[in-house]
Amino acid sequence: MAVVITILLGLASRKFSHLLFPFLAENAGDVLWAMMIYYGFRFLFVKKRMLTAIILSFLFSFGIEFSQLYQADWINQIRGTLLGALILGKGFLTVDLIRYTTGIIIGASFDRVLIIKKQKNT
C-alpha cells in the first residue's frame, strides 16, 4: 500500500509541480522515488530487520544514479522512454544522492513510527 501511495504522490508531484513551492517541486520526485524503493525492499524482506531494507535501498538508488555516468546508445534509448527515465533517470546529479538519502530516511522514519504505534496497541 505504501508503494502505491508513494508512486501516486510522485506522479502527482510531477504533474502538478506548478502548484507546489519551487523547492518542493524540484526535489519531491526523487525523495518519493527513494521512499518507494525503501518500501519495496521492506515488502520483499518483511521478516528482515529494517536496516536490511535501508542498506539495500541505498545500494539500489545510489547504484542507479552512478549508472547514469554510463552513456551508451542502447541504455540511452531505454532512458528515452517514460518508464526508462522514471527507473533509470537521465543524467548523474550529485544532489540526487542527497534527495535519495532524504527519501530513505523519511521512509524508514515513517516505518519506525508505525512499528512503535503497532507495538503500543498490542
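Please read all numbers here as calculations on a predicted model, not as lab measurements.
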Common cluster, [X]/[Y], ILVMFWY with side-chain heavy-atom separation under 4.5 Å:
X	Y	value
M1	L9	yes
F66	I98	no
F41	V46	no
L88	L83	yes

Side chains of residues 54-61: which donor-acceptor pairs under 3.5 Å do they make with residues two or more places apart or in other chains?
residue, atom, partner, partner atom, Å
S57, OG, A53, O, 2.6
S61, OG, S57, O, 2.7

Considering non-hydrogen atoms only, spot the tightest contact between [X] and [Y] and give its length.
X	Y	result
S13	A28	CB-CB, 4.0 Å
I64	I87	CG2-O, 3.4 Å
S67	R79	O-NH2, 2.9 Å
V3	Y39	CG2-CB, 3.6 Å
L86	W33	O-NE1, 3.4 Å
G103	A34	CA-CB, 4.1 Å

Does CG belonging to D73 count more than 12 external heavy atoms closer than 6.0 Å? no
In this structure, are over 12 heavy atoms from other groups packed under 6.0 Å from F43 atom CZ? no
Quick one: list whatever passes side chain to side chain contact (heavy atoms under 4.5 Å, CB included) with [X], sequence neighbours left out.
X	answer
K48	F45, T52
F23	N27
D96	D30, E65, L93, R99, Y100

Pairs in or reaching into residues 51-60: which pass salt bridge (Lys or Arg N to Asp or Glu O under 4.0 Å), with residues at least two apart or in two chains? none
Look up atom [atom1] in [X] and atom [atom2] in [Y], then write down how far apart they are to the nearest 0.5 Å.
X	Y	atom1	atom2	answer
L32	T102	CG	OG1	11.5 Å
F62	I37	CZ	CD1	13.0 Å
K90	N76	NZ	CG	10.0 Å

Could you go through residues 105-118 and list every donor-acceptor pair under 3.5 Å that involves a side-chain atom there, pairing it with any protein atom two or more places apart or in another chain?
residue, atom, partner, partner atom, Å
S109, OG, I105, O, 2.7
D111, OD2, Y38, OH, 2.5
D111, OD2, R42, NE, 2.6
D111, OD2, R42, NH2, 3.3

